Amino acid sequence: MADTSSPTLHSYWRSSAAYRVRIALALKGLPYRQAPWQMAQGEHLQPAYRALAPFGLVPMLEIDGLRLQQSLAIIEYLEARHPEPALLPVDPAGRAQARALALLVACEVHPLNNLRALKRLRTQFDADDDQVQDWYRHWCEEGFRAFEAALPAKRGDYALGDTPTLVECCLVPQVYNALRYGVDLAPFTQVHAIVEACAKLPAFDAARPENQPDAPRPA
C-alpha cells in the first residue's frame, strides 16, 4: 500500500472518471502522487493493474491503507474524511439534488460514451468516425438538456450555489470530452456558464488532462 500520508491516484490523463477525482483532490487541497496507466494501450487490463484494482478501471485511489475504486465512491470518501471545503450541501435535500445531477452525468451520459463503448461501436458494429461522433454528440446533448432542466431556478455561479460541488466534479470532465467530439454548447447556456466559472479556479486548471504528467507533450 502507498504511504497513508501521501495518497496515490492510479489514473490516465484522458479518463473522465479520473479527472473527477483530480478535481475533488485539488478543491480539497490534498496532495497526492499519480501512477499513470495508459488505457489506450490496454495497460489497465493487464495482470499488474488488476492485482491492484480488480475492476480493471481507473481511477483507483490508495489512501488510508485502502484501495478505493469508482470515482464517485472515492469522492464521497474524501468528503467524509476531509469535509472542508464541502463538495456536498449541508441539507439533505441539497445533498440529494447534488448527487442526482452528478449521477446524471456519471451514470446516464458517460457510460454510453466511454472508451469501451466507443471501441465496441467500431469493432462490433463497424461504426466509422462520423457515426461514433454522432453517437457521442447525441447522448451528450440529451444529457445536457436534462441537466439544465433540473437546475434550480435561482443559483450562483455554479450548479447549486456559489461554490463548486460534486456536480462540477462530474460536469466539467464531461464537457471537456464533449468539446473534443464537436458538441455545440451554444444551446446549453447554463452548462457553459458553470464550466466557464470553474475554469477560473486553479483547482480545475490543475486537474485538466493536458496538465497531467502522463499527457503527451507538444513536439
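What you are looking at is a predicted structure, and each value in this text was computed from that prediction instead of being measured.
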Between [atom1] of [X] and [atom2] of [Y], what distance do you get to the nearest 0.5 Å?
| X | Y | atom1 | atom2 | answer |
| --- | --- | --- | --- | --- |
| C170 | F147 | SG | CZ | 9.5 Å |
| L68 | I75 | CG | CD1 | 11.5 Å |
| Y77 | D64 | OH | CG | 3.5 Å |

Non-hydrogen atoms of [X] and [Y] that approach each other most closely:
| X | Y | result |
| --- | --- | --- |
| G29 | P31 | O-CD, 3.5 Å |
| A159 | V167 | CB-CG1, 3.6 Å |
| Q97 | P152 | NE2-CD, 3.8 Å |
| L45 | G56 | CD2-O, 4.1 Å |
| R22 | S11 | NH1-OG, 3.4 Å |
| P89 | R95 | O-CG, 2.7 Å |

Check: [Y] and [X] side chains under 4.5 Å, non-hydrogen atoms:
| X | Y | result |
| --- | --- | --- |
| L30 | P7 | no |
| C140 | Y181 | no |
| D157 | I194 | no |
| V195 | F204 | no |
| T165 | Y158 | no |
| L61 | L78 | yes |
| P164 | V172 | no |
| L57 | R116 | yes |

task: Not counting sequence neighbours, which residues clear side chain to side chain contact (heavy atoms under 4.5 Å, CB included) with R137? List them please.
output: Q133, D134, E141, V183
Is a side-chain N or O of [X] found less than 3.5 angstrom from the main chain of [Y], in a donor-acceptor match?
| X | Y | value |
| --- | --- | --- |
| N211 | D205 | yes |
| Q174 | V109 | no |
| Q34 | H10 | no |
| E148 | T189 | yes |
| D128 | D130 | yes |
| Q69 | F55 | yes |
| K28 | E79 | no |
| Q212 | W13 | no |
| R50 | P54 | yes |

task: Could you give me the CA-CA distance, side-chain angles and deciding distance for L101 and L151, then say whether side chain to side chain contact (heavy atoms under 4.5 Å, CB included) is met?
output: CA-CA 8 Å; L101 287 168; L151 288 172; 4.2 Å; yes
message: Working note: N114 + S16, criterion side chain to side chain contact (heavy atoms under 4.5 Å, CB included); need CA distance, chi angles, decisive distance, verdict.
response: CA-CA 8 Å; N114 65 21; S16 295; over 6 Å; no
For [X], check side-chain hydrogen bond (donor to acceptor under 3.5 Å, both in side chains) against everything at least two apart and list the hits.
| X | value |
| --- | --- |
| R180 | N177 |
| R99 | E76 |
| R208 | E210 |
| S15 | none |

Establish whether [X] and [Y] are linked, either directly or via other cluster members, by ILVMFWY side-chain heavy-atom contacts under 4.5 Å.
| X | Y | answer |
| --- | --- | --- |
| V21 | Y32 | yes |
| W139 | V132 | yes |
| L115 | M60 | yes |
| L118 | V175 | no |
| Y12 | Y19 | no |

query: Are the aromatic rings of W37 and Y49 close, with centres under 6.0 Å apart?
result: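 Here the rings of Y49 and W37 have centres that are less than 6.0 Å from each other.
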How about [X]: does its [atom1] atom have over 12 heavy atoms from other parts shown lying under 6.0 Å from it?
| X | atom1 | value |
| --- | --- | --- |
| R155 | CZ | yes |
| H138 | NE2 | yes |
| D91 | CG | yes |

- prompt: Taking only residues two or more places apart in sequence or in another chain, which ones pass ring pair (Phe, Tyr, Trp, His ring centres under 6.0 Å) with F188?
  reply: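 Only F144 meet the ring pair (Phe, Tyr, Trp, His ring centres under 6.0 Å) criterion with F188.
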- request: Test side chain to side chain contact (heavy atoms under 4.5 Å, CB included) on L72 and R20 and set out the steps.
  value: CA-CA 8 Å; L72 269 65; R20 297 170 197 154; 4.0 Å; yes
